[in-house]
2 protein chains.
Amino acid sequence: MKVVRNGEAQRAPRSGIARSAGLPSQLPLDSIIRGDCVAALSRLPAASVDLVFADPPYNLQLQGELKRPDDSRVDAVDDAWDKFDSFEAYDAFTRAWLLAVRRVLKPTGTLWVIGSYHNIFRVGSLLQDLDFWILNDIVWRKTNPMPNFRGRRFTNAHETLIWAAREPGAKGYTFNYEALKAANEDVQMRSDWLFPICSGHERLKDETGHKVHPTQKPEALLARVILSASKPGDVVLDPFLGSGTTAAVAKRLGRHFVGIERDSTYADAAQARIDAVEPLPDLALVPAPTAREAPRIAFNALVERGLLAPGTLLTDAKAKVRALVRADGTLSLETAPGLGQIGSIHRAGAIAQGIEACNGWTYWHIATREGLRPIDSLRAVVRSEMAMAAE
Amino acid sequence: MKVVRNGEAQRAPRSGIARSAGLPSQLPLDSIIRGDCVAALSRLPAASVDLVFADPPYNLQLQGELKRPDDSRVDAVDDAWDKFDSFEAYDAFTRAWLLAVRRVLKPTGTLWVIGSYHNIFRVGSLLQDLDFWILNDIVWRKTNPMPNFRGRRFTNAHETLIWAAREPGAKGYTFNYEALKAANEDVQMRSDWLFPICSGHERLKDETGHKVHPTQKPEALLARVILSASKPGDVVLDPFLGSGTTAAVAKRLGRHFVGIERDSTYADAAQARIDAVEPLPDLALVPAPTAREAPRIAFNALVERGLLAPGTLLTDAKAKVRALVRADGTLSLETAPGLGQIGSIHRAGAIAQGIEACNGWTYWHIATREGLRPIDSLRAVVRSEMAMAAE
DNA sequence: TGGACGGGTGAATCCATAA
DNA sequence: CTTATGGATTCACCCGTCC
C-alpha cells in the first residue's frame, strides 16, 4: 500500500483548483485536482463517487511515467524485448489506476473507459481480472473518421467504450433506461452509438490556433454517457480530464464533477472551459418518474378505497378468464385452470395462464361502459390521490 | 507442449473427412478434420494457410434463466463447450489455439477472431502478448439483435472481430482495398459493418426443426471477411468450424477450406451443408454485399448535436400546446392536458391531444424567424451526417 | 393470390425488496 | 445470508394460418 505523508497542510480549494495533498478528506467537488491520478485518487474518500469516465492514454511512450500498483516506477525500456515490456508496463499502469478508481467508487457506482484497439483489450481484460463486472461494451461510430491513407486496412471508424460495475452482482447502479428509450424513438438504446468527432467551434484551440488537446472527445458522447448512468446531483469523476469535456458536460447537466489532470496546460484550458459553462435549468434535467420507482400500491388499497367492491368480477383482456375480488384483496379464480384457487392478483394471473409469473395489474380487467379496462387504471387513480395528498 | 504420437498410420482422406492423426503432412484441402483443434493443427504443415477465421467459445458465464416479457424462455447458450472454470482456464485455452494457429499461418497470412465483450478483450490481449499484430478491430452491428428484456443495460447489438497479422511488420498480407471500395459506393470500407443475424432458411435445422448450432454466423459476414482478406485459390482455415459457415462460403467463393470440428453432430451437418454448395462461376460478379443504414433518427440526436438546445420550447402548429425540450431528449408538457408529464416526442404529442398515437416529428414545431416550423425539418441535417456514416 | 395477424426467436453475463 | 414475492420488462424479422 501507498504511504500517505502526514505533514502536508490541508489547503482550501482556491479558485476552483484543489491541491492533491493531505489525507483522505472530503471530495473537492467541482474542481480540478492537479497531479498524478493514482496519487490523487488515493487521497479522496472511499466510496464517494457515482460515475467515473476515463479516457486513459494509450500511447506507450509514457513508459517513463508509468507506475506499478505498489507505486514503484517502471523502468524505461529500450531493449529487444521492448514490446513485451511495453505491454507489461501499460498493464501495470492500467491496473494501478483501475484499483484506485474502484476504491473511490460507491458500491452502486459504475465506470466507463474509452479506448481503441491499441489499448482497449488490455483494459477490458484487466477489468475482468480485477473483478469489475462488464455491463456493456459500446461502440462509438464516427460519422467523420480519419480515412486510411495507405489503403492497407479498413477505415478505423469507431472507438470502444466499456461500461462496468464495481463488482459482479452489483445492484442499484443507475441506468436511465426509460429516458434513453423515450429519446430514441421509443426503442431501446443500443450498444452502437453514432456521433461526429469533436471539431469546429467545440474543439479547443490555443492562441496560435492549434488544438489544445490531441484527443478531445465530443460533448455529445459524454452527454450520452452521463445521462445514461447518473442522476442530477451525482458526482462524476474523470481521472484523465484532459481538455475537460467530462467536467464541462457534467456541469452543464447538473452533476458535480471531480477532474484529475497532471498537465498544467490541459488543466488550465479545462478550467477556463468549465468556468464558461452555464448549467441547464433544473426543469430540463429533473428525472422523469419511472414505473419502477413509483410507490407501491397494494391491490388491497383499491378495495379499501371503494374503487373496487368485494365480489366484483375481473377478467382477462378477452373476458375468457374470470376471478372474484375478495374482501381481503385476494382473488378467487372462477374458471379453469385453477378454479377455486385463491391468491394475489399476480399469482392468480399466473395460475390462470399456466405460467410462472404475471403482472396482475395489466392482466386483470374490469368491465366499464367503455369496455374492459385494466385494473392498472384504478391504481393510477390511487397514485394521483396520494400525490395530491402529499402536496 | 503436446506430444504428437508417432505410431498412427497415415490415412487418406475418405469422402471428404480427414482423420486427425499422424505427423505433419499435406493440408487436407476442402475437408473437415474431426477432433480437437490444437491437436489437429499441430499435425498440419507449418506456414501453409492464407487466412484463419476463428469463432471460439465466448465463455458467456450465464447465471440463471432469462425470460421474455411474455414469459417465454430464452434458449440460452448453455453448452458444455462454452463453460470454463476461470479466466485463467479460458486464457490457457486461447493461448494454446492461437499458438497452434500461428504455426500453420503463412508469413503473409492473417487471422480473424470474432467474440463478444465476454471474451474478446482476453483474445485481443493474448494476441498482443503473443506478438500478433492487430490490423483492425471490426464491429459487426446487428440489424436485429435480441433486445434487453429487463431494461437494465443497453441492447447488446454488436459483436467484435479482430483482424491480425502473424507478427509486427508483416508485409504482403492480402487486403482487397480496391474491390471493397468499389463495392462500397466508392468510399473506403469502414470498421463498422451492418448485417442481420443468421435466421430463416439460412439457419440450419435438424429433423425436429431445432437449430443445429446455437451460434451459427451469417454467410454475409463470412463473405465480407473472405473477400476482404483472401484471393481465389487461397486456403481458409477455421479451427472451430461449427455449422460450417466459413467452409461453405469459402467454397462458394472459390477458396480452399480446412475446417476443424470436435463435435460430430456439428461436423456432419457442416459436411452436408458444404456438399450442397455450388462454387460461383465468375468471381468478378461478386461484390462485397453492403447494407444500407436504417434511416431512423432519434430525437435526441438533434439535442446531442446542438441543433436543439435543452430548454427550448416546442409548440403544436397553432402554438396552443407547449412542451420543453429536456437534456435527455424527452419532452416535458407545459400545458394541460398532461401538464408536467414527460415522454418521447411521440408520447408527449399523443398525451397533449388525448389520443393514442402521434407522430411527434410533424406535431411539434419550433419558432423561427420565418414562423413555426416542424421539428422534422431539423432531421435533414442529421440525415446528411448519417449518410456519410452509412455503409 | 394477398394481406392481416399471431406465434416464435436470436452468443444474454437482464430485478428489487422485504422478511 | 436465503427465500419469497411483487410486478416490471422486448425488437426485428421470419413463417404459417386464416380470411
Side-chain angles (χ1 to χ4, degrees), chain A residues 108 128 132-137 163-165 168-173 175 177-178 181 184-191 290-300 329 343-350 356-364 375-376 379, chain B residues 55-79 81-84 87 114-120 140 142-160 196-203 205 209-211 213-218 240 242 294 296:
Chain A
T108 57
Q128 293 175 318
F132 284 84
W133 191 244
I134 298 178
L135 297 168
N136 278 112
D137 61 334
W163 182 36
K171 304 285 182 202
Y173 62 86
F175 179 55
Y177 172 79
E178 295 82 2
K181 182 176 173 180
N184 191 43
E185 297 285 288
D186 288 325
V187 293
Q188 298 183 336
M189 191 68 78
R190 298 169 36 122
S191 58
T290 66
R292 280 184 177 84
E293 293 160 352
R296 291 281 169 104
I297 307 287
F299 177 67
N300 205 7
S344 72
I345 54 172
H346 311 296
R347 281 312 309 148
E356 285 192 9
C358 163
N359 182 345
W361 291 108
T362 51
Y363 178 73
W364 294 110
I375 57 175
D376 206 20
R379 182 170 63 164
Chain B
D55 183 9
Y58 286 9
N59 188 22
L60 286 185
Q61 308 170 70
L62 303 178
Q63 309 287 334
E65 69 170 13
L66 178 65
K67 290 192 161 184
R68 299 186 180 83
D70 65 4
D71 210 52
S72 63
R73 200 180 65 85
V74 173
D75 186 15
V77 177
D78 55 359
D79 307 70
W81 51 253
D82 196 49
K83 290 192 172 27
F84 293 83
F87 285 125
I114 185 168
S116 66
Y117 67 83
H118 309 83
N119 71 320
I120 199 66
W140 167 29
K142 303 179 183 183
T143 58
N144 50 349
M146 185 157 76
N148 185 288
F149 296 117
R150 301 301 293 263
R152 298 300 298 151
R153 303 182 177 195
F154 297 93
T155 307
N156 199 351
H158 74 275
E159 294 187 26
T160 301
I197 60 176
C198 180
S199 65
H201 286 115
E202 189 183 322
R203 189 87 195 215
K205 306 277 170 55
H210 292 102
K211 56 192 176 194
H213 194 281
T215 70
Q216 184 178 343
K217 296 294 176 290
F240 306 99
R296 188 200 297 272

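Naming: A, B, ... by sequence-line order, numbering from 1 per chain.
- Ring geometry for A/Trp361 versus A/Phe299: interplanar angle over 60°, hence perpendicular rather than tilted (30 to 60°).
- Between the side chains of B/Thr155 and A/Gln188, at least one donor N or O lies within less than 3.5 Å of an accepting N or O.
- Residue contacts for A/Pro168: at a heavy-atom cut-off of 4.0 Å it reaches no nucleic acid atom on any strand shown.
- The nearest whole Å value for the distance from the CG atom in B/Leu66 to the C1' atom in D/dT9 is 10 Å.
- Using a 4.0 Å heavy-atom distance criterion, B/Trp140 is classed as making no nucleic acid contact.
- Going from atom NZ of B/Lys205 over to atom P of C/dG8 covers 14 Å, rounded to whole Å.
- Heavy atoms of A/Ala298 sit nowhere under 4.0 angstrom from any nucleic acid atom.
- Nucleotide C/dA11 has no partner under the Watson-Crick or G-U criteria, as no pair reaches both atom distances under 3.5 Å.
- For B/Arg68 and B/Asn156, each mapped to the nucleotide of DNA chain C holding its nearest heavy atom, the one lying further toward the 5' end belongs to B/Arg68.
- Of all nucleotides listed (C/dC14, D/dC11, D/dA8), C/dC14 comes nearest to the side chain of B/Asn148.
- A/Ile345 comes within 4.0 angstrom of no nucleic acid atom, judged by non-hydrogen atoms across all strands.
- The interatomic distance linking B/Met146 (CE) with D/dC14 (P) rounds to 18 Å, in whole Å.
- Ring stacking is absent between B/Phe149 and C/dC14, as the pair misses the limits of under 5.5 Å between centres and under 30 degrees between planes.
- For D/dT9 and C/dA11, the P atoms lie 26 Å apart once the distance is rounded to whole Å.
- Counting heavy atoms of neighbouring residues, nucleotides and ligands inside a 6.0 Å radius, atom CD of A/Glu293 exceeds 12 of them.
- If you check C/dA12, C/dT9, C/dA11 against the side chain of B/Asp70, the one that comes closest is C/dT9.
- Residue A/Tyr173 places no side-chain N or O under 4.0 Å from the OP1 or OP2 atom of C/dA16.
- At the phosphate of C/dT9, neither OP1 nor OP2 sits under 4.0 Å from any side-chain N or O atom of B/Arg73.
- The phosphate of C/dC15 (OP1 or OP2) has a side-chain N or O of B/Arg150 nearer than 4.0 angstrom.
- When the P atom is used for both D/dG6 and C/dA12, the distance is 30 Å, rounded to whole Å.
- Remark: the B/Asp75 side chain and the B/His210 side chain contain no N/O donor-acceptor pair separated by less than 3.5 Å.
- Pairing for D/dT9 is absent, judged as Watson-Crick or G-U wobble with the two contacts each under 3.5 Å.
- Listed candidates were C/dG10, C/dA11, D/dT9. Nearest to the side chain of B/Tyr58 is C/dA11.
- Contact annotation: B/Lys211 does not reach the phosphate of C/dT9 (side-chain N/O to OP1 or OP2, under 4.0 Å).
- Contact check, A/His346 against D/dG7: a side-chain N or O comes under 4.0 Å of OP1 or OP2.
- Applying the 3.5 Å distance criterion, the base of C/dT17 shares no donor-acceptor pair with the side chain of A/Arg296.
- Across all strands shown, C/dT17 forms a Watson-Crick or G-U wobble pair, both distances under 3.5 Å, with D/dA4.
- Contact check, A/Lys181 against D/dT10: a side-chain N or O comes under 4.0 Å of OP1 or OP2.
- Residue A/Asn359 places at least one side-chain N or O under 4.0 Å from the OP1 or OP2 atom of D/dA8.
- Here A/Arg379 reaches the OP1 or OP2 of D/dA8: one of its side-chain N or O atoms lies under 4.0 Å away.
- The phosphate of C/dA11 (OP1 or OP2) has no side-chain N or O of B/His213 nearer than 4.0 angstrom.
- In this structure, the CG atom of B/Asp75 is 9 Å from the P atom of C/dA12, given to the nearest Å.
- In this structure, a donor-acceptor pair under 3.5 Å is present between the side chains of B/Ser72 and B/Arg68.
- Rounded to the nearest Å, the gap between the C1' atom of D/dA12 and that of C/dT13 is 23 Å.
- Nucleic acid contact class of B/Asp55 (heavy atoms, under 4.0 Å, all strands): base.
- OP1 or OP2 of D/dG6 has at least one side-chain nitrogen or oxygen of A/Ser344 nearer than 4.0 Å.
- For a distance-only test at 3.5 Å, the side chain of B/Lys67 fails to qualify as a donor-acceptor partner of the base of D/dA8.
- How far CD of B/Gln63 is from CD of B/Glu65: 13.0 Å, rounded to the nearest 0.5 Å.
- Of all nucleotides listed (C/dT13, C/dA16, C/dA11), C/dT13 comes nearest to the side chain of B/Leu62.
- When the nearest nucleotides of DNA chain D are assigned to A/Arg347 and B/Pro69 by heavy-atom distance, the more 5′-ward of the two goes with A/Arg347.
- Of all nucleotides listed (C/dC14, C/dA11, C/dA12), C/dA12 comes nearest to the side chain of B/His118.
- Listed nucleotides C/dA11, C/dA12, D/dT9 differ in distance to B/Trp81; the shortest reach to its side chain belongs to C/dA11.
- When Watson-Crick and G-U wobble pairs are counted only if both distances are under 3.5 Å, C/dG3 pairs with D/dC18.
- Neither side chain, A/His346 nor A/Ser344, offers a donor N or O lying under 3.5 Å from an acceptor on the other.
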